[in-house]
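Data block below; observations after.
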Amino acid sequence: MSTTSVTSQALAIDGGSPVREKLLPYGRQSVDEADIQAVVKVLRSDWLTTGPKVAEFEGAFAARVDAAHAVSFTSGTAALHAATFAAGLKAGDEALTSPMTFAATANCVLYQGATPVFVDVSADTLNLDPELITKKISPKTRAILPVDYAGHPADLSAIIEIAQGRGLIVIEDACHALGAEYRKKRVGSIADMTVFSFHPVKHITTGEGGMVVTDNPQFAETLRRFRNHGISSDARQRQTTGQWHYEMVLLGFNYRLPDVASALGIEQLKKLDANLMRRREIAARYTAAFREVPAAIPPALRREVEPAWHLYPIRLDLAKLTADRAQIFRALRAENIGVNVHYIPVHFHPYYRDRFGYKPGDFPVAEDAYARLLSLPMFHAMTDRDTEDVIRAVGKVVGHYGR
């Protein structure tokens with residue numbers, strides 16, 4: 001059915017029949033019997049926490065993203081925190097990042113006592129605008145944290161060139177971008193450190209979990225110690241060598257990913273290529289359909305990238321609509337399409353407004369996008385029927401409110 005054939009139907013929000021009987025979420029995990037059995041096997045083993053499966057997962061992951069080292073953590077947030085620590089951020093330092101992200105990207109800078117400095121984004125990709133980065137660099141700047149928004153890699157070559165010319169460290173927040181490529185290179189093989197997330201709505205899941213990858217052995221060693229209370233050896237190493245002595249050499253945290261989660265990650269990683277292929281199929285179907293819906297603008301795609309499609313965020317052309325984003329959101333939810341919004345710009349959150357004095361208008365490109373963004377359902381277990389339901393619902397709702 002075309003996107004225009006349902007526009008004359010009454011909206012569910014007005015008492016009409018919804019496109020779907022049950023809610024289709026914007027994201028969801030996919031776990032099969034092989035995943036379950038891998039976890040059960042670990043539950044019957046000697047190691048539940050940091051054991052042999054952790055190293056196995058890290059090795060497989062590093063190989064997949066073409067990195068020398070991979071260090072796992074309990075969450076993407078913990079991984080971001082560890083990366084800022086390994087980069088040496090401290091009180092008095094600044095790090096540049098995007099306001100168009102989840103708050104954790106900026107929060108991890110604050111955890112180190114440093115100050116996050118926001119830089120506005122490019123209008124097409126909603127990633128950091130390299131032309132604006134240089135204007136925000138100060139003598140206090142120590143790092144740049146680009147975000148691969150929705151799974152579309154940031155302009156990494158330009159950002160790294162800026163960073164290298166000033167001795168800055170690049171920590172790529174690729175929590176959306178596992179499996180993405182930038183100029184034929186895999187995300188994870190480009191920045192000084194790259195951070196991934198294994199939350200259930202991501203490309204693979206460990207329940208909760210994260211990873212930092214790097215080619216720098218000093219960073220890797222610091223990351224491993226930081227996740228283990230700052231101790232220079234772990235329990236498995238001490239058991240293997242038959243000794244009890246250990247030393248705490250830095251102030252760290254307990255951010256260790258357990259073997260149970262790592263076993264799930266190993267099995268999930270085997271499915272990554274298939275998961276990426278399915279997400280790309282869904283994205284292509286969406287993009288083709290929404291070219292016929294004037295008020296629904298598909299996400300931009302630059303030629304030098306192969307995105308991972310963690311999200312599929314459309315932007316509404318509000319000038320062509322009689323309703324605002326909030327009303328479109330409610331109407332699509334009533335059709336049982338689980339749309340979401342990614343993201344409330346970080347500087348809009350009360351904590352950042354109160355602490356740093358941010359106000360509307362400070363980052364106009366990010367703010368304009370936020371007012372018009374809607375994330376449509378995007379996960380690899382979606383069926384063709386699910387995809388068509390989303391397309392029908394968008395056509396129905398946006399068509400109804402079209403001018």
Side-chain angles (χ1 to χ4, degrees), residues 71 73-120 128 132-147 154 159-160 162-175 191-195 197 210-214 216-232 247-256 343 345-359 362-363 366:
V71 183
F73 293 87
T74 51
S75 68
T77 300
L80 281 165
H81 183 193
T84 58
F85 179 89
L89 287 180
K90 61 185 184 306
D93 291 341
E94 294 178 350
L96 309 185
T97 193
S98 167
M100 185 54 70
T101 184
F102 185 59
T105 313
N107 291 350
C108 72
V109 177
L110 292 174
Y111 297 158
Q112 288 302 112
T115 301
V117 175
F118 296 117
V119 179
D120 211 348
L128 273 184
L132 300 178
I133 288 175
T134 55
K135 298 177 182 179
K136 292 295 188 78
I137 292 175
S138 78
K140 298 179 180 180
T141 306
R142 297 290 178 267
I144 304 174
L145 282 75
V147 176
I159 292 169
I160 290 171
I162 292 168
Q164 289 179 341
R166 294 164 175 81
L168 308 179
I169 294 172
V170 176
I171 302 170
E172 182 183 0
D173 182 343
C175 290
D192 295 306
M193 286 180 276
T194 306
V195 179
S197 168
M211 191 81 77
V212 183
V213 300
T214 183
N216 185 313
Q218 293 180 326
F219 285 159
E221 185 63 25
T222 299
L223 291 165
R224 293 187 186 101
R225 291 174 174 178
F226 184 76
R227 72 170 175 196
N228 188 35
H229 304 279
I231 295 171
S232 57
E247 294 179 327
M248 177 183 154
V249 296
L250 55 84
L251 182 60
F253 288 76
N254 182 355
Y255 282 160
R256 300 186 304 263
Y343 288 98
V346 181
H347 69 287
F348 275 4
H349 289 299
Y351 179 89
Y352 281 87
R353 292 201 318 264
D354 295 345
R355 180 166 176 177
F356 297 105
Y358 288 118
K359 59 187 183 303
D362 285 344
F363 305 99

Residues two or more places apart in sequence or in another chain: which of them pass salt bridge (charged side-chain N to carboxylate O under 4.0 Å, His left out) with D192?
-> none

Shortest non-hydrogen separation from A86 to L223 and the atoms involved = CB-CD2, 4.0 Å

State whether the side chain of R225 and the backbone N or O of S232 hold a donor-acceptor pair below 3.5 Å, judged by distance alone.
-> no

Do T77 and Y255 touch side chain to side chain, with heavy atoms closer than 4.5 Å?
-> no

Test T105 against Y343 for side-chain contact (heavy atoms from CB on, under 4.5 Å), laying out the working first.
-> CA-CA 12 Å; T105 313; Y343 288 98; over 6 Å; no

Might you point out which heavy atoms bring I171 and A87 nearest each other, and give the distance in Å?
-> CD1-CB, 4.0 Å

Calculate, to the nearest 0.5 Å, the distance between atoms CZ and OG1 belonging to F253 and T74 respectively.
-> 11.0 Å

Straight-line distance of H347 NE2 to M100 CE, nearest 0.5 Å | 8.5 Å

Below 4.5 Å, heavy atoms only, C-beta onward: do Y111 and T84 meet side chain to side chain?
-> no

Answer yes if the ring centres of H81 and F73 are under 6.0 angstrom apart, and no otherwise.
-> no

Reported OG1-to-CG distance for the pair T222 and L250, which is rounded to 0.5 angstrom = 7.0 Å

When rounded to the nearest 0.5 Å, the distance separating OG1 of T115 from CZ of R142 is 11.5 Å

In this structure, are over 12 heavy atoms from other groups packed under 6.0 Å from Y352 atom OH?
-> yes

Could you list the residues that satisfy salt bridge (charged side-chain N to carboxylate O under 4.0 Å, His left out) with K359, not counting sequence neighbours?
-> D362

To the nearest 0.5 Å, tell me how far I133 CD1 sits from I162 CD1.
-> 4.5 Å

Are I169 and F219 close enough that some pair of their side-chain heavy atoms sits under 4.5 Å apart?
-> yes

Within the side chain of D173, is there an N or O that forms a donor-acceptor pair under 3.5 Å with the backbone of C175?
-> yes

Those residues that, when tested against Q218, pass side-chain contact (heavy atoms from CB on, under 4.5 Å) (two or more places apart) | N216

Counting N and O atoms only, with roles assigned by atom type, does the side chain of T97 sit under 3.5 Å from a partner on the main chain of L145, one being a donor and the other an acceptor?
-> yes

Do I159 and E172 touch side chain to side chain, with heavy atoms closer than 4.5 Å?
-> no

Donor-acceptor pair, Q112 side chain versus L89 backbone, under 3.5 Å?
-> yes

Minimum heavy-atom distance between A103 and V346, given as atom pair plus value | CA-CG2, 4.1 Å

Of all heavy-atom pairs linking V71 and A220, the shortest is CG2-O, 3.9 Å

How far apart are the closest heavy atoms of K136 and F363, and which atoms are they?
-> NZ-CE2, 3.6 Å

Spacing of I231 atom CD1 and M248 atom CE [to the nearest 0.5 Å] | 8.0 Å

Hey, is the main chain of V147 close enough, under 3.5 Å, to the side chain of S98 for a donor-acceptor pair?
-> no

Any side-chain heavy atom of I137 sitting closer than 4.5 Å to one from L168?
-> yes

Identify the two heavy atoms, one from A191 and one from T194, that lie closest to each other, and give their separation to 0.1 Å.
-> CB-OG1, 3.8 Å

Taking C-beta and beyond as the side chain, do R256 and H229 meet within less than 4.5 Å on heavy atoms?
-> yes

